[in-house]
Amino acid sequence: MDLQSLYQEIILDHYRAPHHAGLREPYEAEVHHVNPTCGDEVTLRVHVADGVVEDVSYAAEGCSISQASTSVLTDLVIGKKVDDAMEIHDSFMELMQSRGKVEPDEDVLEDGIAFAGVAKFPARIKCALLGWMAWKDATAKAVSESEVRHDS
Amino acid sequence: MDLQSLYQEIILDHYRAPHHAGLREPYEAEVHHVNPTCGDEVTLRVHVADGVVEDVSYAAEGCSISQASTSVLTDLVIGKKVDDAMEIHDSFMELMQSRGKVEPDEDVLEDGIAFAGVAKFPARIKCALLGWMAWKDATAKAVSESEVRHDS
Amino acid sequence: MTMQSTAPSGLLDTDRIRGDFPILARRLDGDRPLVYLDSANTSQKPRQVIDAMTAHYEQANSNVGRAVHQLGDAATQAYEVARVKIAAFINAPDSSEVIFTKNSTEALNLVANTLCWAQGQYSVGAGDEVVISEMEHHSNIVPWQLLTERTGASLRWFGLTDEGRLDMSHIDELINERTKVVSLVWVSNMLGTVNPLETIIRRAHEVGALVVVDASQAVPQLPVDVAALGADLIAFTGHKMVGPTGIGVLWGRTEILDALPPFLGGGSMIETVTMQGSTWAPLPAKFEAGTPPIVEAIGLAAAVDYLSAIGMDRVAQHEHAITAYALDRLREVDGLTILGPTEAVDRGGAVSFEIDGVHPHDVSQVLDSLGVAVRAGHHCAKPAHARFGVQSSTRASFYLYTTPLEIDALVEGIEQTKRFFKVRS
Amino acid sequence: MTMQSTAPSGLLDTDRIRGDFPILARRLDGDRPLVYLDSANTSQKPRQVIDAMTAHYEQANSNVGRAVHQLGDAATQAYEVARVKIAAFINAPDSSEVIFTKNSTEALNLVANTLCWAQGQYSVGAGDEVVISEMEHHSNIVPWQLLTERTGASLRWFGLTDEGRLDMSHIDELINERTKVVSLVWVSNMLGTVNPLETIIRRAHEVGALVVVDASQAVPQLPVDVAALGADLIAFTGHKMVGPTGIGVLWGRTEILDALPPFLGGGSMIETVTMQGSTWAPLPAKFEAGTPPIVEAIGLAAAVDYLSAIGMDRVAQHEHAITAYALDRLREVDGLTILGPTEAVDRGGAVSFEIDGVHPHDVSQVLDSLGVAVRAGHHCAKPAHARFGVQSSTRASFYLYTTPLEIDALVEGIEQTKRFFKVRS
Ligand SMILES: Cc1ncc(COP(=O)(O)O)c(C=O)c1O
Ligand SMILES: Cc1ncc(COP(=O)(O)O)c(C=O)c1O
C-alpha cells in the first residue's frame with residue numbers, strides 16, 4: 001500500500017494545525033458522533049443563519065485522517081449557502097465511496113481532493129467521513145430548528 | 001452394514017410378540033420416558049415387593065429394537081431380586097456401550113445377547129436402552145418409595 | 001436400478017451438478033453408492049462453497065470490522081460482500097437488513113426474545129396474542145411458547161386439514177385485533193406444504209400484527225423476493241441451501257429492527273460502552289454481537305452464487321419435477337401412506353410417509369443398508385405428527401442434485417424393507 | 001531485520017509450526033512477508049484444522065443427532081467426539097457440560113440471559129448484585145448491564161490499579177452477601193493482565209455467588225483445568241485458539257446448567273413438544289437449539305488436537321517468552337507507553353501501547369504498509385481505555401507462531417512511524 005497516497009502532505013498539514021477547531025457560540029445544533037469500530041469521536045456545532053452556514057466548530061479525538069477531514073470540511077462549508085454546502089458534502093461522499101475511481105473536482109473540493117487516496121483504504125473511509133456525517137446531521141437539525149422557529 | 005447382525009431373529013420375534021406388554025396393577029412406580037431424537041416413548045410400571053421385582057408392565061411406541069429390548073428386559077428382571085436385576089441392567093448397558101467389543105454372557109443376558117449387534121449401530125443404541133433406562137428409573141423410585149414406607 | 005416411469009420434464013442437468021458435490025461420489029458400506037435423500041435435514045455442499053472457505057482461511061483470515069491491516073480489510077470486505085450478495089438473493093431493499101445468525105433457530109429466537117423486551121408498538125403482554133400453526137418446526141414453536149409464557153400473552157395456532165394444509169376457515173377470528181405476531185412456516189419441512197402466505201400476511205397487516213416467516217425450507221427451494229412477499233421478518237439457514245453449518249440469516253424491515261431492543265450484548269454491537277451504560281450500533285451490527293461466523297458467511301455467499309448461477313426458478317422447477325415423480329412412485333406402494341399433500345401442488349420437496357407395520361426407524365435402517373439415506377423420526381415437528389395420530393414418520397427429501405433413479409432406489413428399498421419385515425402387500 | 005536483543009529461551013520451534021499455517025507464507029502488498037501480530041483479535045489456522053473441516057464436508061456431511069443413516073452416524077460421532085476432546089482439553093468432569101455456542105459472546109449471553117429467568121437459588125432481582133471489572137471485554141459487560149437493568153439488580157465492578165491490575169483492596173465489600181454473580185475475565189485482551197481468580201473465586205463462593213469466567217484469551221494461551229479452577233461457568237471461543245470462526249464453548253457445572261431455564265428454544269433442545277407446552281432435553285442438548293455449528297465443532301476438535309500435540313504448557317511458555325521479549329523491546333522505545341503490566345509477570349501475550357503524538361489508527365496504518373498487522377482501536381474494552389484516560393490504543397498480540405524477528409519488525413516499524421509523522425524521539 002502506498003502510504004504517500006493516503007497521507008498526502010495537505011492531510012498532514014491539516015492534522016497538525018486543524019482549522020476552525022474548538023467549540024464556539026452561537027450555534028443552533030450540536031451533535032456527538034462516534035465511530036463504533038475504533039472509538040473516534042467528534043462533538044460538532046453548526047450555526048446557520050438565513051440559509052448560510054455561518055460557523056462550524058468542533059472538538060474531536062481521532063486519527064490524522066478524521067481530524068484533517070473535519071478541518072477541510074470547515075474550510076469548505078463555512079460561509080456557503082446550506083444547499084451549496086450539501087452539494088459539496090455529496091461530492092465528498094461520492095469521492096470517498098469511489099474506491100479511487102472518481103477524479104475529484106478541485107474547484108469543488110479544494111484541499112478535499114487530497115482524500116482521493118483514502119478511498120482506496122476501506123478501513124479508513126469511515127475516519128474521513130466522521131466529521132462530514134456529524135456536520136450533515138447537525139445542519140439538518142439546525143435547519144429544521146430554524147424552520148420550526150419561522151413557522152411559529 | 002450387516003442388517004442380519006442388527007435384526008437377529010430373536011429380536012424380530014420379541015418385536016412381533018412382545019412379552020409382558022400392557023400396563024398392570026399393582027405397581028409402586030410408573031415412569032414415562034421419551035427418546036428426544038426420534039420421539040419413541042414408553043410408559044413403564046414396576047411392582048417391587050420384599051426386594052423382588054414382582055412385575056414390570058409397559059405400553060410402548062417405538063421401533064423393533066426398542067420394543068424387543070423392553071420385552072427382553074421384562075423376561076430378565078421379573079422374579080429377580082432388585083440387586084440382581086440391577087446387575088443384569090449393568091451388564092446390558094456395558095454390552096450396549098461396547099461398540100461390539102464385549103462378548104455377552106448368555107447365562108446373564110439370555111435373549112439379550114441378541115443385542116450385541118445393535119452396539120455397532122450408534123444411532124440405535126438409544127433405542128435399545130429406552131426400556132432399560134425407564135426400568136432403572138422406575139425401580140429406583142419404587143425402592144425409595146418402599147423405604148419411605150418402611151421408615152414411617 | 002431401472003427407471004420405472006417416464007422421466008419427468010423440468011429436471012436440471014444433474015450429471016453436471018453432481019460433479020460439483022464431492023460427497024455424492026462417496027461409496028458407503030458394501031461399496032454402495034450414496035443415495036442422499038435427506039436434504040431437508042441438511043443439504044450437501046459443492047466444491048465451490050468448500051473451496052471459498054478454504055481459500056479464505058489460507059489467504060485472508062482475520063477478524064472483521066476492527067482492524068486496519070490488509071488481512072482485516074480483506075476479511076471485512078469479504079464478509080460485507082457476502083451480506084450484499086445475500087441481500088440481493090432475497091431482494092432485500094437494503095443489505096443492512098440482513099443479520100447473520102448461527103442458524104434459523106437463532107434468527108427466530110432473536111425475534112421472540114427481543115419482542116419480550118420491546119416497548120411501545122411492538123411490546124407483547126397480557127391480553128396480546130401470538131399466532132403460529134400446528135405444522136411448525138419446533139424452532140418456530142418453542143420461542144413463542146417462551147415469549148407468551150414470559151409476557152402473559154396467549155399462544156394460538158392454525159390447525160391443519162387432513163391433507164396437511166393450514167385450516168384457513170377461522171382465519172379472521174384467529175388473527176384479530178389482539179394479535180401482535182403471526183409466525184408461520186413458508187414450506188413445511190415435514191408435510192411439504194407451501195403455505196398461502198399472501199392471504200395471511202394481508203390479514204395480519206390488517207390488524208397491525210408483525211409477520212415472521214420461517215423460510216428455512218423456502219429460501220433453498222424457491223425464488224424469494226422479500227420486497228414482494230410483504231412479511232416483516234424472515235429466517236433461513238445456510239446449511240440447507242448448499243451453504244455451511246454455523247450460519248443463518250434474519251432479514252427484517254429497518255424500522256422494525258431499529259425499534260427492537262438488542263438481543264446478545266457484546267463486542268461489535270455497541271456504539272459506546274461505559275460502566276454506567278451502553279448504546280447500540282446501527283444495523284446490522286446491533287444484532288451481531290461478538291465475532292460473527294465470518295468464514296461461514298463467505299461460504300454462504302459462495303452458496304448463493306452457486307444457486308444463482310443455476311437460477312432459483314430452475315431449482316424450483318427441478319424440485320417440483322422430482323417431487324411430482326416421487327409422489328407418483330410412492331403412491332403406487334402398497335401399505336404406504338403419505339403425510340401431507342399427495343399431489344405436487346403448492347408443495348416442496350420433502351415427503352413424509354408411513355409404512356404399515358414397520359416403524360420409521362426400521363424403514364430407514366433397511367434403506368441405509370442399501371445406501372439410501374432418509375430421515376426417521378419426528379423431524380422436529382411433533383405437533384404435526386400428533387395431528388395425524390402418529391409419533392414419527394420416514395421422510396425422503398430432495399434437492400437440485402436428486403435424480404429420478406434415486407427415487408427409484410428409494411421405492412425399491414421400501415419394497416425390500418417390507419419383505420425384510422415380512423409385511424404382506 | 002536483525003535481532004536486537006538476545007533470543008529469549010523457552011520458545012517453540014516456530015519454523016516447524018509456521019509451516020503448518022498456510023497464511024503465514026502469504027506475501028502482502030509490495031511483496032512484503034506477513035508479520036501477523038493480531039492473534040488476540042483472531043488466531044490463524046493450521047492446515048490440520050482446515051483439512052479436517054474440508055474432509056468432513058467432502059466425506060461425512062450430514063445433520064447430527066437425528067438421522068439413522070451412515071452419514072448421520074458419522075457426523076454425529078464426529079460432533080460428539082469433538083465435545084469429548086474439548087471436555088478433556090479443559091479437564092471438564094463430564095463432556096455433557098460442554099455446550100457449543102457460536103462464540104464466547106453467545107456463551108456469556110446464554111448465562112446472563114437465562115439468569116434473567118432463573119428461579120430459586122439462581123434468580124437475580126432487585127437488591128441483588130452482579131460484579132464485573134473495569135477491564136472486561138464488552139462481551140462481558142453488556143450482557144450484565146442488560147441483566148441488571150431488566151431485573152432491577154445492581155451492577156458493580158472492580159476498579160483497576162495504575163499498572164492495569166484488578167484493585168483488590170475492597171474485595172470483601174465488593175463481593176458481599178448480596179452478590180449473585182461474579183463474572184470476570186481471566187486474561188485481559190487489552191491489558192494482558194492475568195487475574196488472581198483463585199482469591200476471587202474463594203471469596204465469591206464464600207458468599208454463595210456464581211462465578212463466571214471469560215476465558216476467551218486464557219484457553220488459547222494457558223493449560224486450563226476447570227476442575228482445579230473452581231469457577232462455575234467458563235466461556236471461550238474457537239477462532240482465538242487456532243480453530244474456526246462460528247464456534248464457542250460454554251462449560252458449566254451440571255447442577256447449575258440443569259437448574260437454569262433454556263436459552264434458545266427449538267429443534268434438538270426439547271424432550272417433547274405439544275402446542276400446549278414443551279419440556280427440555282438433558283444436557284448438553286438443552287442449550288443447543290437448532291442445527292449446531294457441526295463442522296466448526298469438528299474444526300475446533302482438530303484445533304485442540306493440534307494444541308495438545310504441542311502441549312499447552314509449551315504454548316504458555318512460548319507466549320511468556322515472546323511477551324517478555326516484546327515488553328523488553330517496547331520499553332526501549334522513546335515516546336511509547338504500555339497500557340497494562342510492563343513486566344511479563346501474570347501477563348498474557350497482548351501488549352497495548354500509545355505512541356506520543358501519533359494516533360493508533362495511524363500507527364497501525366504505517367505498520368501495515370510494512371506488512372506488520374496490529375490492531376488499533378478500543379479492542380472492545382472502552383471502559384479500560386477510559387480508565388487510562390485514552391480513547392484507543394495500538395495492540396500487538398502474539399501466539400505460538402510468533403517469532404522474536406517479528407517483534408523486531410514491530411519495533412522497527414514503530415520507529416519508522418515516528419519518523420513518518422515527524423515525532424521527535
Ligand atoms: C477477553 C475476551 N472476551 C470475549 C471476547 C469475545 O469473543 P467472541 O468475539 O469470539 O465472542 C474476546 C474476543 O474478542 C475477548 O478477547
Ligand atoms: C421449517 C424449518 N424451520 C426451522 C428449522 C431450523 O433450522 P436450523 O436447525 O438450521 O436452525 C428447520 C430445519 O431444521 C426447518 O426445516
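Naming: A, B, ... by sequence-line order, numbering from 1 per chain. When reading the values below, keep in mind they use all heavy atoms of this one structure, side chains included, and skip hydrogens, waters and symmetry mates.
At a 4.5 Å heavy-atom cutoff, the contact between C:L146 and chain D is made by side-chain atoms alone. Residue contact with chain D, scored on non-hydrogen atoms closer than 4.5 Å, is absent for C:L367. Using a 4.5 Å cut-off between heavy atoms, C:D51 makes no contact with chain D at all. Using a 4.5 Å cut-off between heavy atoms, C:Y36 touches chain D through its side chain atoms alone. Residue contact with chain C, scored on non-hydrogen atoms closer than 4.5 Å, is absent for D:T148. Heavy atoms of C:D38 lying under 4.5 Å from chain D belong exclusively to its side chain. Both the backbone and the side chain of C:I294 come within contact range of chain D, judged by heavy atoms closer than 4.5 Å. Proximity to chain D is absent for every atom of C:V49, based on heavy atoms less than 4.5 angstrom apart. When heavy atoms are compared at a cutoff of 4.5 Å, C:L264 approaches chain D by way of both its backbone and its side chain. When heavy atoms are compared at a cutoff of 4.5 Å, C:W144 does not approach chain D at all. If you measure heavy-atom distances from C:T274 to chain D, the contacts under 4.5 Å come from the backbone alone. With a 4.5 Å cut-off on non-hydrogen atoms, D:L71 touches chain C through its side chain but not through its backbone. Contacts between C:S216 and chain D at a heavy-atom distance below 4.5 Å are absent for every atom of the residue. Using a 4.5 Å cut-off between heavy atoms, C:L34 contacts chain D through its side chain alone, with no backbone atom that close. Heavy-atom distances place the side chain of C:Q145, and not its backbone, under 4.5 Å from chain D.
Remark: side-chain polar atoms of C:K286 are not paired, donor with acceptor, to backbone N or O of C:M269 under 3.5 angstrom. Between the side chain of D:R375 and the backbone N or O of D:N41, no donor-acceptor pair lies under 3.5 Å.
Atom CD in C:E106 sits 12.5 Å away from atom OG1 in D:T291 (nearest 0.5 Å). To the nearest 0.5 angstrom, D:E149 atom CD is 8.0 Å from C:S278 atom OG. In this structure, NZ on D:K240 lies 12.0 Å from OG1 on D:T245, to the nearest 0.5 angstrom.
If you check the side chains of C:N140 and C:S183, you find a donor sitting under 3.5 Å from an acceptor. Side-chain atoms of D:K382 and C:T272 include a donor-acceptor pair closer than 3.5 Å.
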>> Please determine whether side-chain contact (heavy atoms from CB on, under 4.5 Å) holds for the pair C:N63 and D:H239, giving the CA-CA distance in whole Å, both sets of side-chain angles, and the decisive distance to 0.1 Å.
In response: CA-CA 9 Å; C:N63 215 321; D:H239 67 95; 3.7 Å; yes
> Please walk me through it: do D:W157 and D:E136 pass side-chain contact (heavy atoms from CB on, under 4.5 Å)?
Replying inline: CA-CA 10 Å; D:W157 52 87; D:E136 300 308 315; over 6 Å; no
> Does the side-chain contact (heavy atoms from CB on, under 4.5 Å) test come out yes or no for D:I132 and C:M275, once each step is laid out?
Replying inline: CA-CA 10 Å; D:I132 59 173; C:M275 295 311 283; 3.8 Å; yes
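Between D:P33 and D:R27 there is a side-chain heavy-atom pair separated by less than 4.5 Å. At a threshold of 4.5 Å between non-hydrogen side-chain atoms, the residues D:P261 and D:Q119 do not count as touching.
Heavy atoms of other residues, nucleotides or ligands lying less than 6.0 angstrom from CD of D:Q276 number more than 12.
Top candidate by heavy-atom pairs under 4.5 Å with chain D, chosen from C:N61, C:T105, C:T42, C:N103, is C:N61. In terms of heavy-atom pairs under 4.5 angstrom with chain D, the leader among C:A381, C:S62, C:P293, C:S139 is C:S139. Across D:P244, D:A386, D:A112, D:S104, the residue that shares the most heavy-atom pairs under 4.5 angstrom with chain C is D:P244. Between chain C and the options D:F21, D:Y57, D:W117, heavy-atom pairs under 4.5 Å are most frequent for D:W117. Contact count against chain C (heavy-atom pairs under 4.5 Å) is highest for D:N109 among D:L24, D:N109, D:T54. No other option in C:R47, C:M53, C:E58 has as many heavy-atom pairs under 4.5 Å with chain D as C:E58. Top candidate by heavy-atom pairs under 4.5 Å with chain C, chosen from D:S364, D:P360, D:A289, is D:A289. The residue among D:T101, D:L108, D:L110, D:V295 with the most heavy atom pairs within less than 4.5 Å of chain C is D:V295. Chosen from D:N113, D:I247, D:V142, the residue pairing most often with chain C at heavy-atom distances under 4.5 Å is D:V142. Ranking C:A75, C:A25, C:P143, C:G72 against chain D, the residue ahead of the rest is C:P143, based on heavy-atom pairs under 4.5 Å.
Partner of D:F100 under the ring pair (Phe, Tyr, Trp, His ring centres under 6.0 Å) criterion, chosen from D:F287, D:Y79, D:F236: D:Y79. When each of D:H138, D:H137, D:H385 is checked for a ring pair (Phe, Tyr, Trp, His ring centres under 6.0 Å) with D:H379, only D:H385 meets the rule.
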